[in-house]
Amino acid sequence: MRYLSTRGNATPRQFCDILLEGLAPDGGLYLPERYPHIDAAALARLRAVHAREGYAALAFEILSLYIADIPAADLRAICEKTYTAEVFGTRAIVPLKKLEDGFYLESLSNGPTLAFKDMAMQLLGHLFEYELARRGQELNILGATSGDTGSAAEYAMRGKQGIRVFMLSPHGRMSPFQQAQMFSLQDANIHNIAIEGVFDDCQDIVKAVSKDLAFKARHHIGTVNSINWARLLAQVVYYFAGYFQATKSGDERVSFTVPSGNFGNVCAGHVARQMGLPVEHLVVATNENDVLNEFFRTGVYRVRAAADTLETSSPSMDISKASNFERFVFDLLGRDGAAVRELFGAQLARQGFFDLSGDARFAQAAERFGFRSGRSTHADRLATIRAVHARSGITIDTHTADGVTVAREHRSGAVPMIVLETALPIKFAETITEALGHPPERPAKFDGIEDLPRRVTVLPADAERVKAVIAAQCAN
Ligand SMILES: *Cc1c(COP(=O)(O)O)cnc(C)c1O
């Protein structure tokens, strides 16, 4: 399997080439040259593998369709090391919880940082360590986080050979739980840098450092952001696992509702559906930052200015643009790289939006690709958290609540609906308390983390100061 860019650069690349890269050189995102097709017999075989050998074996089967440049035995070992009951809490790894008949939650948040990002990031940690050792290289991961991504990356990369993490976060602005999660890590290869500023300042510093090509090359700077294809591929697996748990045979269909920000999670659902997984609808659930809902309703994709990006109680979905969306548009436009380059490279830069409402292919987003969408607000979140708790005794987090709210609007009789749970409620305790009048349950392993010693360096919003910290560590 080879990979190409959504903006048309056709130089074929292998999986391990793009594993350690960010954007393609032409500014596009990488996608496989085609989606391997899973026919009815293959689907039945995957169901049997999942039932008999479990999630790691299913992950190996799906990943090996896309990865030609890691020997099968090595890839299988990486999957088995990643998806263990010890790391993810249960043998099922992603068990379904029933909310009502035909209405399920898929638990994706029992990994080390209690958000679904662990599902992909844990695999990425093992893949990076493997590939860097094979190449005799090292990697310094530089990232910016306002919460979930940073902690997922740090817990995935801690103690890994050949890897250091430098994670920038806005000083004093993450939730106390999220700060404690990150700053209590004592691993020598993890470096927390709290920037005196807001999240955008952190991101600007990452961009400034990445633009210094000489520094970037000398210090082997890389990223783990959500456009990484390996992260997306890891997420494809749990759509299959969810489907197998909700159905008995490949004749049945299911729908998924996915709380969405950067369109990474639901894009993996799109890939699974393109492979032939019998998915009826993929429902995109946004919060008040409804860039994606607007597109699926109107055909207009309009990025928001920083000032128009609202701070909400589902903060991991507070985005101004959806960085993985270009992948879907590439497929929607029949994989026309020149057209994608015109929309994302030219029109967005020039006018901040593009409009496909008059394009006959826009109708295919719903018809051919099964997309639906909806939007949820703070009041919806509170009401849904209360209703789910009252009916089933389950406490859901604020992002998952956006999913449940929107899923209810899109349920249709016979087809089971699976809502992807994207975090555990303890990460967003303040809003849970607002909804229920008491804080959510805290998993035992996080008891007292706020009191642990902290490793964090506070710096002004100055890229040169960050570079100096990186250079000093590399000289060690
Ligand atoms: C990252 C995140 C999301 C959004 O996922 P995307 O892949 O960016 O669409 C939703 N909920 C939580 C809790 C997250 O951490």
Side-chain angles (χ1 to χ4, degrees), residues 15-25 30 112-113 117-118 120-171 181-195 197 199 201-231 323 454-476:
F15 177 82
C16 290
D17 297 328
I18 66 168
L19 174 65
L20 301 167
E21 258 180 62
L23 292 173
Y30 285 112
T113 72
K117 293 192 170 72
D118 291 328
M121 209 68 93
Q122 287 288 318
L123 180 77
L124 205 63
H126 290 294
L127 284 170
F128 274 16
E129 187 174 49
Y130 174 86
E131 185 57 17
L132 290 168
R134 195 156 75 158
R135 296 180 178 204
Q137 290 177 3
E138 55 177 49
L139 181 69
N140 289 300
I141 295 167
L142 175 63
T145 187
S146 54
D148 295 334
T149 308
S151 55
E154 291 189 352
Y155 280 73
M157 304 298 167
R158 63 190 294 197
K160 294 279 189 298
Q161 290 297 316
I163 301 174
R164 293 186 195 87
V165 177
F166 298 88
M167 192 56 67
L168 313 184
S169 59
H171 184 43
Q181 265 188 321
M182 285 177 55
F183 300 165
S184 63
L185 286 179
Q186 299 297 326
D187 305 76
N189 71 328
I190 303 297
H191 304 279
N192 288 303
I193 302 176
I195 296 293
F199 175 65
D201 296 315
C202 300
Q203 235 173 355
D204 288 345
I205 293 174
V206 172
K207 279 186 204 148
V209 174
S210 301
K211 272 206 188 115
D212 183 343
L213 296 181
F215 183 89
K216 194 178 167 195
R218 177 152 22 105
H219 295 296
H220 310 285
I221 303 291
T223 62
V224 288
N225 51 24
S226 78
I227 58 154
N228 184 295
W229 166 255
R231 275 181 68 179
S323 45
R454 297 190 168 198
R455 277 179 78 236
V456 55
T457 308
V458 180
L459 290 182
D462 176 353
E464 294 306 320
R465 297 286 297 274
V466 172
K467 282 190 202 168
V469 168
I470 296 172
Q473 285 300 326
C474 293
N476 270 346

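All of these numbers come straight from a predicted model, not from anything done at the bench.
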Point to revise | For D187, salt bridge (charged side-chain N to carboxylate O under 4.0 Å, His left out) partners two or more places apart | key: R158
Study note, to complete from the structure: The side-chain hydrogen bond (donor to acceptor under 3.5 Å, both in side chains) partners of S226 (sequence neighbours excluded) come to N324
Practice item. Determine which pairs satisfy salt bridge (Lys or Arg N to Asp or Glu O under 4.0 Å) with at least one residue from residues 209-225, sequence neighbours left out, and list them in order. Key: D212-K467
Practice item. Name all pairs fulfilling the ring-ring contact (aromatic ring centres under 6.0 Å, His included) condition that reach into residues 146-168, sequence neighbours left out, sorted by first residue then second. Key: F166-H191
Check your understanding: Would you say R231's side chain and V224's backbone share a donor-acceptor pair under 3.5 angstrom?
Key -> yes
Practice item. Could you tell me which residues satisfy side-chain contact (heavy atoms from CB on, under 4.5 Å) with A152, sequence neighbours excluded, listed by chain and number? Key: T113, K117, D118, M121
Point to revise | Contacts of type side-chain contact (heavy atoms from CB on, under 4.5 Å), residue Q186, not counting sequence neighbours | key: P453, R455
**Study point:** H126: side-chain contact (heavy atoms from CB on, under 4.5 Å) partners, not counting sequence neighbours
**Key:** I78, K81, T82, K160
Review point. Just wondering, are more than 12 heavy atoms of other shown residues or ligands nearer than 6.0 Å to CD in Q161?
Key: no
Review point. Considering residues at least two apart in sequence or located in another chain, which fulfil the side-chain hydrogen bond (donor to acceptor under 3.5 Å, both in side chains) criterion with S323?
Key: N262
Practice item. Hey, could you give me each pair passing salt bridge (Lys or Arg N to Asp or Glu O under 4.0 Å) that has a residue in residues 142-151? Not counting sequence neighbours. Key: D148-K427
Check your understanding: Who are the side-chain hydrogen bond (donor to acceptor under 3.5 Å, both in side chains) partners of N189, not counting sequence neighbours?
Key -> none
Review point. In chain order, what residues pass the salt bridge (charged side-chain N to carboxylate O under 4.0 Å, His left out) check against E131, with sequence neighbours excluded?
Key: R134, R135
Point to revise | For D204, side-chain contact (heavy atoms from CB on, under 4.5 Å) partners two or more places apart | key: K207
